[in-house]
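Structure record follows, encoded as structure tokens.
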Amino acid sequence: MRTPEEQLRLERLRRLPELIRILRTYFVGQKRPAVPVADAIQAFTSSYRSFLGPVEADCHLRLIAEVVPQWMQFVRITKGEYVKLDDKMELSIVIREVEKVIANMQSKIMVT
């Protein structure tokens, strides 16, 4: 049986593949190496298929950085906090990594 925290994390993880695609598309359109965190959050809230508030969008953004740190990082400069992506990394590899984390979490939960 899952704890409420595990259930919430699993729900967020399941949203990540779509949110990663949204983020990548946004970055391609911006043609910049990094974007402000607020802009990335706005891209999530305006493009996700169901309602996703700014606080929840921020949680998902930070979860992406936790799950695939080789693809997305936060960079802090004097102007504020920015999101930076590795544009050389294939999107399918990034999503596969997220799917592995989901499968791993589901198997751990089933075992206990």
Side-chain angles (χ1 to χ4, degrees):
M1 188 151 159
R2 296 182 186 125
T3 66
E5 294 81 21
E6 289 172 332
Q7 183 62 35
L8 180 61
R9 182 172 173 83
L10 189 56
E11 287 172 11
R12 285 179 176 162
L13 284 167
R14 287 180 178 150
R15 292 183 196 122
L16 291 190
E18 184 177 352
L19 291 170
I20 286 169
R21 286 184 194 94
I22 289 169
L23 189 60
R24 176 73 175 138
T25 301
Y26 179 72
F27 263 82
V28 168
Q30 293 296 308
K31 297 180 184 175
R32 296 188 316 201
V35 297
V37 169
D39 291 357
I41 289 171
Q42 179 61 35
F44 279 177
T45 59
S46 64
S47 299
Y48 191 62
R49 59 186 151 88
S50 61
F51 177 75
L52 192 65
V55 173
E56 190 68 15
D58 184 63
C59 290
H60 284 83
L61 195 61
R62 296 190 186 283
L63 187 57
I64 293 170
E66 176 188 328
V67 174
V68 280
Q70 67 275 25
W71 182 67
M72 190 191 105
Q73 301 171 355
F74 289 100
V75 179
R76 185 168 287 283
I77 60 173
T78 55
K79 292 181 182 179
E81 190 173 27
Y82 283 70
V83 176
K84 184 174 182 181
L85 300 183
D86 179 357
D87 60 351
K88 293 175 183 73
M89 193 170 184
E90 287 289 325
L91 196 59
S92 61
I93 293 170
V94 175
I95 291 172
R96 202 170 317 131
E97 287 296 318
V98 171
E99 289 169 346
K100 284 180 191 176
V101 171
I102 293 168
N104 187 21
M105 186 172 185
Q106 286 175 329
S107 67
K108 279 183 182 179
I109 292 170
M110 287 181 192
V111 170
T112 57

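- Cluster annotation: L91 is connected to I93 through the hydrophobic network of ILVMFWY side chains, with a link wherever side-chain heavy atoms come within less than 4.5 Å.
- The minimum heavy-atom distance linking P54 with T45 is given by the pair N-CG2, 3.9 Å.
- Contact detail for F27 and A34: the closest heavy-atom pair is CE2-CA, 3.9 Å.
- V75 and K84 get closest at one heavy-atom pair: CG2-CB, 4.0 Å.
- For the atom pair CZ of R49 and CD1 of I22, the computed distance is 9.0 Å after rounding to the nearest 0.5 Å.
- Residues D39 and R32 form a side-chain contact, since some pair of their non-hydrogen atoms from C-beta on lies under 4.5 Å apart.
- Rounding to the nearest 0.5 angstrom, the gap separating the CD atom in E90 from the CH2 atom in W71 is 12.0 Å.
- Only one option out of I41, L23, L52, L13 pairs with H60 in a side chain to side chain contact (heavy atoms under 4.5 Å, CB included); it is L52.
- Exactly one of I20, D86, L61 qualifies for a side chain to side chain contact (heavy atoms under 4.5 Å, CB included) with M72. That residue is L61.
- Counting only heavy atoms from C-beta outward, the side chains of L10 and Q106 approach each other to under 4.5 Å.
- By the 4.5 Å heavy-atom criterion applied to side chains, R62 and F74 are counted as neighbours.
- One finds a salt bridge joining R15 and E56 here, because a Lys/Arg side-chain nitrogen approaches an Asp/Glu carboxylate oxygen to under 4.0 Å.
- Across all non-hydrogen atoms, the minimal contact from A40 to V83 is CB-CG2, 4.2 Å.
- A salt bridge is absent between E18 and R21; no separation between the charged side-chain nitrogens and carboxylate oxygens falls under 4.0 Å.
- Within a 6.0 Å sphere centred on CD of Q70, heavy atoms belonging to other residues, nucleotides or ligands number more than 12.
- The shortest heavy-atom contact between F44 and A57 is CD1-O, 3.7 Å.
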